[in-house]
Engineer: 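Handing you a structure now.
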Amino acid sequence: MRRARQRADAFWARLVIWQEVHGRSSLPWQNTRDPYRVWLSEIMLQQTQVSTVLGYYERFLARCPTVAELAGAPEDEVMGLWSGLGYYSRARNLHRCAQEVVARFGGKFPHSAELLQTLPGIGRSTAAAIAAFCFGERVSIMDGNVKRVLSRLLAFDADLASGANEKLLWKAADELLPPEGDTEAISRYTQGLMDLGATVCLPRQPQCLICPVEALCEGRRQGDPARLPVKTRKLKRSSQSLWLLLARSGNGDAVWLQKRPATGIWAGLHALPVFDSADALESALPAAVRPAARHLPPFLHVLTHKDLHLHPVEVDADSSEMCGLAGRWVAAQDWPALGLPAPVRRLLEARAARPD
Ligand code: SF4
């Protein structure tokens with residue numbers, strides 16, 4: 001027991017020193033204890049790379065510098081600011097969470113990971129990151145980088161596809177934390193774990209020779225740390241074909257967009273009308289424009305779990321001809337600010353830029 005504590009103390013202390021000298025410190029969401037900024041970055045960084053998040057983060061903060069301003073922003077505007085980041089349930093939860101922070105907590109984020117977890121879109125690890133960075137709470141995070149570092153450090157080879165095994169690793173992570181009350185160490189240690197996973201303990205080629213905790217690493221001692229972590233479950237991929245109706249107003253200045261339902265593909269976003277087959281699309285077209293429908297080249301959009309084969313069909317129409325379809329005309333200067341699925345945005349941009 002004493003040995004385990006000594007090892008834990010050596011681990012966090014080395015990581016804290018290393019983070020101070022070699023860790024990342026210039027990202028815009030670092031060097032702040034403002035939970036709004038930390039929360040925003042944590043949500044944006046889920047499944048998205050730092051380089052992509054940077055621009056979105058700045059734009060979001062410029063429009064909504066406080067949680068109260070985000071709570072009061074129209075949903076369409078929030079979705080527009082998020083447009084292109086993907087995983088749109090994050091944006092919907094972000095907006096709901098801001099509204100709950102205002103309604104339940106008077107516009108101030110609660111300080112404990114336990115209460116933070118009661119807010120929409122904040123899971124256990126995100127709650128721990130906010131509580132550790134902003135309030136120095138002694139709680140452990142468990143994102144992909146941290147799972148990798150700790151699995152290797154401890155030679156933890158149980159399958160992390162199982163929730164029970166993940167809980168075991170989380171318990172082991174709790175035992176490695178700096179002592180209660182040392183808020184500076186807890187914040188730096190948490191950042192150090194993330195940084196070590198992102199820059200040294202890399203998925204395929206861990207850089208053990210420059211690692212600050214090499215002497216303590218059981219995975220390294222056993223000889224093949226890159227085999228860890230073990231996670232057997234593979235994502236089952238599927239594919240789906242969709243036909244998109246790209247209706248342009250007579251003078252080409254506006255496109256017909258529908259707001260998608262709250263569930264299902266592209267939930268809550270604005271999109272071109274979507275159909276399961278070419279026949280279904282054609283039968284929904286007003287008779288007057290059907291003969292002039294143009295089938296544009298299909299294209300592939302790859303999601304995490306699914307390949308989408310998209311078949312755009314373009315028509316020129318006017319207001320009266322579209323009135324049988326749900327949706328509305330949106331002018332060329334207005335649709336870029338809406339929350340649009342990435343492939344729909346790409347298609348609209350490409351068609352808007354084409355020479356007439
Ligand atoms: Fe990762 Fe190697 Fe460091 Fe162990 S010694 S934590 S495997 S980089």
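As the structure lists them, so they are numbered: ligands from 1, and atoms in each ligand from 1.
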Engineer: Please check if the side chain of R220 supplies one atom and the backbone of P225 the other of a donor-acceptor pair under 3.5 Å.
Structural biologist: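 No; zero donor-acceptor contacts below 3.5 Å.
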Engineer: Below 4.5 Å, heavy atoms only, C-beta onward: do M79 and H95 meet side chain to side chain?
Structural biologist: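 No. Closest side-chain heavy atoms not under 4.5 Å.
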Engineer: Against heavy atoms of E214, which atoms of ligand 1 measure under 4.0 Å?
Structural biologist: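 Listed by number with element: 5 (S).
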Engineer: Around atom 3 (Fe) of ligand 1, find the nearest protein heavy atom and jot down its residue, atom name and distance.
Structural biologist: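 Answer, as residue, atom name and distance: C211 SG, 2.3 Å.
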Engineer: Should the proximity of P225 to ligand 1, defined as any heavy atom under 4.0 Å, be assigned to the side chain, the backbone, both, or neither?
Structural biologist: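 Near ligand 1, P225 shows its side chain, while the N, CA, C and O stay back.
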Engineer: I'd like to check K147 versus F156 (side-chain heavy atoms, cut-off strictly below 4.5 Å). Are they in contact?
Structural biologist: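 The answer is no; the side chains never approach within 4.5 Å.
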Engineer: Measure from the side-chain N and O atoms of R204 to the backbone N and O of A226, and report whether any donor-acceptor pair falls under 3.5 Å.
Structural biologist: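 Flag not set: sc R204 to bb A226 has no pair under 3.5 Å.
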Engineer: Mark yes or no: R59 above the aromatic ring of Y56, with NZ or CZ under 6.0 Å from the six-membered ring centre and no more than 45 degrees from the axis.
Structural biologist: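 So R59 does make the cation-pi contact.
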Engineer: Is C217 close enough to atom 1 (Fe) of ligand 1 to have an N, O or S atom under 2.8 Å?
Structural biologist: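 Looking at C217, which is the residue asked about, there is no N, O or S atom under 2.8 Å from atom 1 (Fe) of ligand 1.
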Engineer: Relative to ligand 1, is C208 under 4.0 angstrom through side chain, backbone, both or neither, heavy atoms considered?
Structural biologist: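 Answer for C208: both.
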Engineer: Students should be able to answer this: which protein heavy-atom is nearest to atom 1 (Fe) of ligand 1, and at what distance?
Structural biologist: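 Looking only at protein heavy atoms, the one closest to atom 1 (Fe) of ligand 1 is C201 SG, 2.4 Å.
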